[in-house]
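Remarks on the structure that follows.
Order of the sequence lines sets the chain letters (A, B, ...), proteins ahead of strands, with each chain counted from 1. These figures come from a predicted structure and were not determined experimentally.
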Protein chains: 2
Amino acid sequence: MLENIFGLILKEIRSEKNISQEKLAEFSNLDRTYISLLERGLRQPTLTTIFKLSAALQITPQELIHKVYESYQHAKK
Amino acid sequence: MLENIFGLILKEIRSEKNISQEKLAEFSNLDRTYISLLERGLRQPTLTTIFKLSAALQITPQELIHKVYESYQHAKK
DNA sequence: TTGTGACTTCCAGTCCGTC
DNA sequence: AGACGGACTGGAAGTCACA
């Protein structure tokens with residue numbers, strides 16, 4: 001549930017910034033295929049991964065989590 | 001690094017709310033010993049654990065992350 | 001540019017307990 | 001109430017070749 005939402009939000013933000021999965025992987029020091037797994041909701045990030053990704057996307061972790069939270073609250077109903 | 005900060009923040013918030021580790025474990029459906037590991041910075045939470053914990057502490061996930069982020073930014077210098 | 005399957009290593013998280 | 005230990009299972013981290 002949360003993984004899927006996180007994946008969608010991640011993809012959404014990345015797309016808005018016109019960054020490829022490859023570039024995001026490079027900026028965050030994560031593997032390109034791992035980004036793909038995250039976006040498809042097949043993996044769940046840990047705290048440090050959340051921080052790495054938000055830094056790479058040039059947003060704060062709380063902004064990222066906030067979007068996930070909003071979407072999650074909405075989806076729960 | 002991040003684990004330690006997260007642990008401190010978690011303990012801080014929990015203490016402020018006067019909740020025992022045991023109660024927090026109960027509210028969040030996590031193990032008592034695991035809460036202890038988190039607070040001592042020996043384990044790192046995943047996204048769902050962050051959500052579970054913040055729900056149990058009656059704060060939003062972004063508030064929790066925000067505190068961690070502030071403390072992290074401060075510690076980096 | 002991304003999805004996917006396969007794989008290994010390591011850690012998230014649980015359960016038993018003691019101090 | 002909380003620190004800390006050992007042993008365990010599932011699943012995340014991290015990487016590869018290929019479609």
Side-chain angles (χ1 to χ4, degrees), chain A residues 1-59 61-62 64-65 67-69 71-72 75, chain B residues 1-65 67-69 71-72 75:
Chain A
M1 177 86 225
L2 260 175
E3 318 88 60
N4 302 287
I5 292 175
F6 182 84
L8 291 174
I9 300 289
L10 178 60
K11 183 166 195 166
E12 188 180 299
I13 300 176
R14 180 179 62 78
S15 301
E16 277 170 10
K17 307 240 172 185
N18 285 309
I19 306 171
S20 68
Q21 287 185 352
E22 244 155 355
K23 276 293 169 195
L24 180 56
E26 185 185 320
F27 295 156
S28 59
N29 279 311
L30 293 168
D31 198 84
R32 178 187 66 76
T33 62
Y34 180 55
I35 305 285
S36 173
L37 290 168
L38 281 175
E39 288 192 353
R40 283 177 291 138
L42 299 178
R43 284 293 164 54
Q44 206 200 160
T46 56
L47 182 66
T48 59
T49 303
I50 293 169
F51 270 63
K52 282 186 187 176
L53 286 172
S54 47
L57 291 168
Q58 304 197 65
I59 58 175
Q62 58 266 31
L64 177 54
I65 295 301
K67 293 202 179 198
V68 174
Y69 181 69
S71 187
Y72 176 63
Chain B
M1 177 88 226
L2 260 175
E3 317 88 62
N4 303 286
I5 293 174
F6 182 84
L8 291 173
I9 300 291
L10 178 59
K11 182 165 194 165
E12 189 179 300
I13 299 176
R14 181 179 62 76
S15 302
E16 278 171 10
K17 306 241 172 184
N18 286 308
I19 306 170
S20 68
Q21 287 185 353
E22 246 151 359
K23 276 292 169 196
L24 181 56
E26 185 185 320
F27 295 157
S28 59
N29 279 311
L30 291 168
D31 198 83
R32 173 184 60 80
T33 63
Y34 181 54
I35 304 285
S36 174
L37 289 169
L38 282 174
E39 288 193 354
R40 284 178 288 144
L42 300 177
R43 285 286 202 294
Q44 208 203 158
T46 56
L47 182 67
T48 58
T49 302
I50 293 168
F51 271 63
K52 282 186 187 175
L53 287 172
S54 46
L57 291 168
Q58 304 198 62
I59 59 176
T60 60
Q62 59 267 29
E63 282 180 86
L64 177 55
I65 295 300
K67 294 203 177 197
V68 175
Y69 181 70
S71 185
Y72 177 63

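Taking a heavy-atom distance under 4.0 Å as the criterion, the stretch of DNA chain C touched by chain B extends 5' to 3' from C/dA12 to C/dG17.
Each end of the helix from C/dT2-D/dA19 to C/dC19-D/dG2 gets its own axis from five base pairs, and the two axes differ in direction by 40°, given to 10 degrees.
Residues from residues 3-24 of chain B placing a heavy atom under 4.0 Å of any atom in DNA chain C do not occur.
Among the atoms of the strands shown, base atoms are found under 4.0 Å from some heavy atom of A/Ser36.
Mapping B/Leu42 and B/Thr46 onto DNA chain D by nearest heavy atom places B/Leu42 closer to the 5' end of the strand.
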Taking N or O atoms only and anything under 3.5 Å, show me the protein contacts with nucleotides 14-19 of chain D, one pair per line.
from, atom 1, to, atom 2, distance (Å)
D/dC16, N4, A/Thr33, OG1, 3.0

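Sorted by first then second residue, the ring-ring contact (aromatic ring centres under 6.0 Å, His included) pairs that include residues 27-59 of chain B, not counting sequence neighbours, are A/Tyr72-B/Phe51.
Other residues, nucleotides and ligands place no more than 12 heavy atoms under 6.0 Å from the NZ atom of A/Lys67. The 12-atom threshold is not exceeded at CD of A/Gln58, counting heavy atoms of other residues, nucleotides or ligands nearer than 6.0 Å.
Between the CD atom of A/Gln44 and the P atom of D/dG10 there is a distance of 17 Å, given to the nearest Å. In this entry the distance linking CG of A/Leu38 with P of D/dA12 reads 10 Å, nearest Å.
Legend: residues meeting side chain to side chain contact (heavy atoms under 4.5 Å, CB included) with A/Asn4, ordered by chain and number and at least two apart, are absent.
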